[in-house]
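In what follows, a single structure is set out as structure tokens and then discussed.
Because the structure is predicted, anything quoted here is derived from the model rather than measured. We count ligands from 1, going down the list as the structure has it; atoms in each ligand are counted the same way.
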Amino acid sequence: MFTKSIKAYKEAKEVIPGGVDSPVRAFGGVIGTPPFITQGRGSYLIDVDGNKYLDFVQSWGPLIFGHCDKDIEKVVIKTAKKGLSFGAPTELETALANEIVDMFDNIDKVRFVSSGTEAVMSAIRLARGVTGKNNIVKFEGCYHGHSDSLLVSAGSGMATFGTPSSPGVPADLIKHTLLCEYNNIKQLKNCFKESSDIACIIVEPIAGNMGLVPASEEFLKECRRLCDKNGALFIFDEVMSGFRASLKGASGIVKTTPDIVTFGKVIGAGMPVGAFASSKKIMNNLSPDGAIYQAGTLSGNPVAMAAGLKSLQKLKADKDIYNRLNKRAVRLTQGMKKAAAKFNIPLQVDTRGSMFGFFFCEDVPTNMKEVGKCDFDRFAKFHNEMLRRGFYFACSQYETGFICDTMTNKEIDSCIKASKEVFELISK
Ligand SMILES: *Cc1c(COP(=O)(O)O)cnc(C)c1O
């Protein structure tokens with residue numbers, strides 16, 4: 001069933017570290033090796049062995065309209081024919097910026113980059129430059145890309161100062177990153193007690209990188225309050241939740257307003273794009289207007305801008321889309337929960353717009369430590385059995401699932417049916 005993929009993986013490993021260009025793709029936390037993909041079509045992925053999968057990963061979020069959406073495909077081809085990159089301004093950038101600015105009261109200006117990592121890295125530089133402070137507060141389990149100061153894990157003992165979570169990250173850099181438990185107000189307060197040099201708090205307001213774990217309203221409110229009180233800026237990392245959780249992302253759901261927002265994934269519709277955005281007052285500090293340096297050869301790439309622009313226009317034009325996608329997410333997760341319960345498997349599920357999460361554990365996890373208590377063996381078996389039945393779930397319990405607009409109730413019901421079979425198999 002995976003013969004050609006196994007061969008392709010072996011060949012890839014010869015010339016690419018681990019055979020992949022992003023570690024999660026290597027199936028490290030699950031069983032077997034990754035299928036090598038030849039094409040996507042609507043809700044489906046097709047691999048080199050000709051297997052077809054209902055795709056709940058959707059390139060890890062960007063493809064809210066599914067693979068090969070005709071409208072997006074059309075503008076991408078049309079734009080590409082005029083040239084792939086100019087390194088000079090285009091009206092497409094202004095148009096996409098306007099789409100974003102028009103939607104948010106707290107956003108006047110946007111700067112485009114080429115990835116979520118770059119967006120967050122630049123947003124943090126901006127926060128540090130504007131406040132004149134050095135430290136940042138981040139939460140365990142929130143992922144903000146792979147830039148040095150964000151690769152931190154909890155050190156031994158007390159909270160706050162963490163340790164590098166990767167070799168190659170100097171401890172000297174990490175000493176400016178304070179680490180707290182997600183949804184833990186007490187630890188957060190401690191950070192501000194320990195340091196008067198905090199430039200910003202960065203949070204995934206709906207965390208999607210430890211599975212789907214939303215922040216509580218009180219927690220976000222406390223972040224806001226502490227930032228205001230201490231002259232720090234509040235950053236929402238909406239690279240995943242932006243245009244996914246709702247049209248306005250997490251910002252459209254939670255009651256707290258951030259100072260800076262980062263975007264990625266959906267705003268590129270599958271092309272490499274990131275962005276960070278804020279008020280005029282803050283953004284005017286960026287070069288060339290201000291002194292805070294930030295740049296990119298391919299930033300605001302015309303093909304990527306055209307894809308993102310079409311995607312956002314389509315999302316805005318379709319007033320019911322998030323409601324529709326959420327109904328399907330709820331149908332899927334509730335169906336799976338019910339199926340699991342038949343075989344006494346506790347499954348915790350949640351959704352936000354087109355995002356869904358599920359955990360094999362007794363209680364709803366609210367932070368990374370609790371997610372760590374889930375049954376990872378059971379998840380690995382579930383993942384493998386579902387894959388064999390043609391359902392492509394993210395290959396880690398730490399990831400979020402995505403519904404795309406081409407998915408039908410019939411497809412979702414077929415997934416629930418398959419999950420029932422699998423739950424019986426893995427209940428023993
Ligand atoms: C995916 C993601 C990033 C990193 O984006 P890349 O495009 O992979 O660099 C940053 N923050 C969050 C919340 C993400 O989900």
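Heavy-atom proximity to atom 9 (O) of ligand 1, evaluated over T117, V203, I206, is greatest for T117. Heavy-atom proximity to atom 2 (C) of ligand 1, evaluated over K265, E204, M240, is greatest for K265.
When hydrogens are left out, the protein atom nearest atom 3 (C) of ligand 1 is V239 CG1, 3.7 Å; that is the closest non-hydrogen contact. Remark: minimum distance from atom 11 (N) of ligand 1 to any protein heavy atom is reached at D237 OD2, 2.7 Å. In terms of protein heavy-atom proximity, atom 5 (O) of ligand 1 is nearest to G116 CA, 3.2 Å.
The aromatic rings of F382 and F379 are tilted relative to each other, their planes meeting at an angle between 30° and 60°. Ring orientation note: the planes of Y392 and F27 are tilted relative to one another, at an angle of 30° to 60°. Ring geometry for F243 against F263 counts as tilted: the plane angle lies between 30° and 60°, on a 0 to 90° scale.
For ligand 1, the polar-atom distance check against H144 finds no nitrogen or oxygen pair separated by under 3.5 Å.
A cation-pi geometry, defined here as NZ or CZ lying under 6.0 Å from the six-membered ring centre and within 45° of its normal, does not hold between K229 and F192.
Looking at K314 and D405, no side-chain N of the basic residue comes within less than 4.0 Å of a carboxylate O on the acidic one, giving no salt bridge. In this structure, D259 pairs ionically with R224, as a charged nitrogen and a carboxylate oxygen lie closer than 4.0 Å.
Taking a cut-off of under 4.0 Å to the non-hydrogen atoms of S115, the atoms of ligand 1 that pass are 7 (O), 9 (O).
Contact annotation: for N209 versus ligand 1, heavy atoms closer than 4.0 Å belong to the side chain alone.
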